[in-house]
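Let me begin by presenting the structure, written as structure tokens, before commenting on it.
Hydrogens, waters and symmetry mates play no part in the numbers below; they use all other heavy atoms, side chains included.
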Amino acid sequence: MRKLLAGFVCAFALAVPAAAPAQTREGWSYAYVDGVATATQIGDRGRTAVTLTCRPPDGDIIITDYTLGTERSSRRATRADVRVGNLSVNIPMTLEGRGRNATVVIHLPQRPPLLAGVQPTDHLSVTVNGQTRTYGGESAMMLKDVAYACWGS
């Protein structure tokens, strides 16, 4: 009986997922590890759609979009519109990688003014040459969380 009970306890322990330092909000995960604040949204196909990262001391927020880079319109782009709610900024961007692994990378300067009016119902979106990606869930609040975790360090 003890062997059966011990086997059940071991099997149950293996079935329970390990605790992770990240918290998840509507398709988003957030982590603050080794001084880097990171929010990640997983898309409808189970792939990473976008990451938002910030590392002190420079405090730049880096938006990496994994879907826009594969669009033809992004190939020669040098600027992107980043919008939160009704505020938007047009800033330089780079295209990194090739083919299916291409990503749009945007460096928001420290303390961008578009964070000032973030509301809980706002969404973050990025437009490159007429192609727009709007990130769902609490995307604007995740951007704000990443920024403040970074700047508060």
Quick one: disulfide bond (SG atoms under 2.5 Å apart) pairs with a partner in [range], sequence neighbours left out?
| range | answer |
| --- | --- |
| residues 75-121 | none |
| residues 37-97 | C54-C150 |
| residues 77-117 | none |

All side-chain contact (heavy atoms from CB on, under 4.5 Å) counterparts of [X], not counting sequence neighbours:
| X | answer |
| --- | --- |
| Q131 | L68, E71, S73, R133 |
| T38 | V36, T40, T53 |
| A140 | V84, V118, D122 |

Distance, nearest 0.5 Å, that separates [atom1] of [X] from [atom2] of [Y]:
| X | Y | atom1 | atom2 | result |
| --- | --- | --- | --- | --- |
| E138 | L124 | CD | CG | 13.0 Å |
| H107 | I61 | NE2 | CD1 | 12.0 Å |
| D60 | R55 | CG | CZ | 12.0 Å |

Co-membership, hydrophobic cluster, residues Y148 and L52, 4.5 Å side-chain: yes
Are M142 and Y66 grouped together when hydrophobic residues (ILVMFWY) are joined by side-chain heavy atoms under 4.5 angstrom apart?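 Different clusters.
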All N/O donor-acceptor pairs, side-chain side in residues 85-98, below 3.5 Å, sequence neighbours left out:
unit_1 : atom_1 : unit_2 : atom_2 : d
N90    : OD1    : R79    : NE     : 2.5
N90    : OD1    : R79    : NH2    : 3.2
N90    : ND2    : D81    : OD1    : 2.8
T94    : OG1    : E96    : OE2    : 3.4

Please name the pair of heavy atoms, one in [X] and one in [Y], separated by the smallest distance, quoted to 0.1 Å.
| X | Y | value |
| --- | --- | --- |
| A37 | A149 | CB-CB, 3.9 Å |
| S74 | V128 | OG-CG1, 3.7 Å |
| G59 | W151 | O-NE1, 3.1 Å |
| V146 | Y30 | CG2-CE1, 3.9 Å |

Going by side-chain heavy atoms closer than 4.5 Å, which hydrophobic residues are tied to I62, directly or by a chain of links? V105
Are W28 and V50 close enough that some pair of their side-chain heavy atoms sits under 4.5 Å apart?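 Yes, at least one pair of side-chain atoms sits under 4.5 Å.
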Test side chain to side chain contact (heavy atoms under 4.5 Å, CB included) on T48 and I42; report intermediate values, then the result. CA-CA 4 Å; T48 301; I42 303 300; 3.7 Å; yes
Taking side chain to side chain donor-acceptor pair (under 3.5 Å) as the test, write out the residues that go with T132, two or more places apart.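 With neighbours one apart ignored, the set is T127.
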